[in-house]
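Each chain gets a letter, A, B and so on, in the order its sequence line appears, and its residues count up from 1.
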Amino acid sequence: MLCEKCGSNPAVITYYEQINGEEKTRHICAECAMKELGSHLSVGGFDPLSLFPLLSRYADNRMGTTLACPTCGMTLQRFMDRGKFGCADCYETFGDRLTPIFKKLHFHTEHKGKHPEGSPKPSEDKPSQPSQKELWQRELAEAVMNRDYKTAALLKKKIEQAEEGRENE
Amino acid sequence: MSEYRVFNTMSSYWMEGNGRDSDIVISSRVRLARNAADYPFPSSLSLQREREFLNLVASIPKTKAGNGLEDLDLIDLSLVPREEKMVLVEKHQISPGLALSEGVGGLLINTAETLSVMINEEDHLRIQSLYPGRSLEQCWEKASAADDMIARYIPPAFSERWGYLTSCPSNTGTGLRASVMLHLPALVMTKHSGDLLNSLPKYGYTCRGLYGEGSEGKGNLFQVSNQVTLGLSEEEIITDLNDIVSEIVGAEQKTRKDLLTNNRLYLEDQVFRAEAVLKNARLLEIGEAFQLLSLLRLGSELELVDTYPAKSFNHLLLLMQPVILNKLKKQNLSKTEMMKYRADLIRDELKGGE
């Protein structure tokens, strides 16, 4: 594909711009990028979460998008909007809410593959049983994914009750 | 910055044109996305903290000779003028994002340009390995060895559940993107490339034209890569991609043979026309040059014309690009000058090949 600005060089850069709410994809060459766009260009604009407007809306209503990462301050809402984590701790913070996202992107939700040297291999680990609450949270994420809001509401109630129970202990 | 080889030498090992299936698979690449456990991701870092991280990378001692990691140069990209950084973009060594970033980026790169590490891109580290032909295993070994070496000094952000933690959820897990650059002129000529390439996303792979996002790349060059990074091991990802590459290579070879048998006259006409223009043109647009060089490469591989070394074609892929041409001629060329120098370069390179 040729550059949309000069029409003569190969487009090596793809970016997205929003004009009046309408998203447009642009392909330009390195030369034009340098000349005309400079630093305000946000490059590599692949936003996997734009695939999930529904999920994002649901997150708004039900999943507490004010949830924020204690390390970097990233909120679930902002993560849903820009599709990027702020730091490694965001993963733990958002926890099971990420399951449907990983399922959609990778068809899988758990790592298999290289471990850094010195960290225990999964086979050396004792398999840790997920708690009932964790199981419910995973089912909840799945239900949201499948747009099964009835089940989701039921599960959410169960989780809340479990949490209240713990607080009263 | 002129002291660094990568800005001044326009040949890299991947251009050698050797390796398995190198008539169709131009090069293979593996990229690993990694982050330091002790720093927020680059998008959340202040300039000062980015600088601190770059210094941390700079403090890694050069490893012992013989392990293939000893000849890495560290380039502080914040000291490099933008035009020079664009040379690295056209060489596919850094991303446009890193080149245009106002932050403190860096690049570790070895002499053969088979190993490089982008620093403070979307992730703290993007370890990349690039080899000619079909060589994904070799790329993985090289990148993984560099990963191990760096991890000894900079512990990676890693979780048992999600694997390597990356800025974008599309890279979480292995952080591995394996890709091959394929030259598929026969499949494009017979209009089969669309079917083949459109079917890939269903299986978790992407295919894009090498220059641009359109379904048909300039010069019949395509990049095929994995999309899934979580839930599969690195070996599985590479084996699966290799299977897909085998299938595409087989289809391209079969189509080339079919064209020779059933449409030889048409094929010869295309190839001889391409050769005539490339050897005589005084002005060449880049798109036309890509297209004609692709046809000549095909003709050369099928021995319809004199054989030109694959290296010449690979070299030209790089040299024809605008920022590199400016760099070679040490000036800002006008559009016409650019076309003239491009045509000159191609005539020179092809003269050498006969």
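- Between B/Phe41 and A/Tyr91, the ring planes are perpendicular. Angles over 60° get that label, and only those under 30° would be called parallel.
- Counting heavy atoms from C-beta outward, B/Ser44 and A/Phe85 have side chains that stay 4.5 Å or more apart.
- Here the straight-line distance linking atom NE2 of A/His111 with atom CG of B/Leu230 works out to 8.0 Å at 0.5 Å rounding.
- The line from NZ of A/Lys112 to CD of B/Glu235 is 10.0 Å long, rounded to the nearest 0.5 Å.
- The distance from atom CG of A/Leu105 to atom CD of B/Gln227, rounded to the nearest 0.5 Å, is 8.5 Å.
- Heavy atoms closer than 4.5 Å to chain B are found in the backbone of A/Cys6, but not in its side chain.
- The distance from atom CG of B/Asn171 to atom NZ of A/Lys84, rounded to the nearest 0.5 Å, is 9.0 Å.
- Ranked by heavy-atom pairs shorter than 4.5 Å toward chain A, the options B/Leu232, B/Leu176, B/Leu98, B/Leu45 are led by B/Leu232.
- Residues A/Cys87 and B/Pro40 approach most closely at CB-CA, 3.7 Å, considering heavy atoms.
- If you measure heavy-atom distances from B/Lys335 to chain A, the contacts under 4.5 Å come from the side chain alone.
- Counting heavy-atom pairs closer than 4.5 Å to chain A, the top residue among B/Thr174, B/Asn326, B/Thr229 is B/Thr229.
- Although no hydrogens or angles enter the test, the distance criterion places a donor-acceptor pair under 3.5 Å between the side chain of A/Lys114 and the main chain of B/Ser144.
- In this structure a side-chain-to-backbone donor-acceptor pair under 3.5 Å is present from A/His106 to B/Pro169.
- Only the side chain of B/Met338 comes within contact range of chain A, with at least one heavy atom under 4.5 Å from a heavy atom of that chain.
- Among the candidates B/Ile237, B/Val89, B/Asp147, B/Asp148, the residue making the largest number of heavy-atom pairs closer than 4.5 Å to chain A is B/Asp148.
- Both the backbone and the side chain of B/Thr166 come within less than 4.5 Å of a heavy atom in chain A.
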query = Should B/Ser43 and A/Arg82 be marked as a side-chain contact (heavy atoms from CB on, under 4.5 Å) after you check the CA-CA gap, both sets of side-chain angles, and the distance that decides it?
reply = CA-CA 11 Å; B/Ser43 62; A/Arg82 67 195 270 275; 3.4 Å; yes
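- The OG atom of B/Ser159 sits 11.0 Å away from the CG atom of A/Asp89 when rounded to the nearest 0.5 Å.
- Between B/Trp162 and A/Phe102, the two ring planes are tilted [angle within 30° to 60°].
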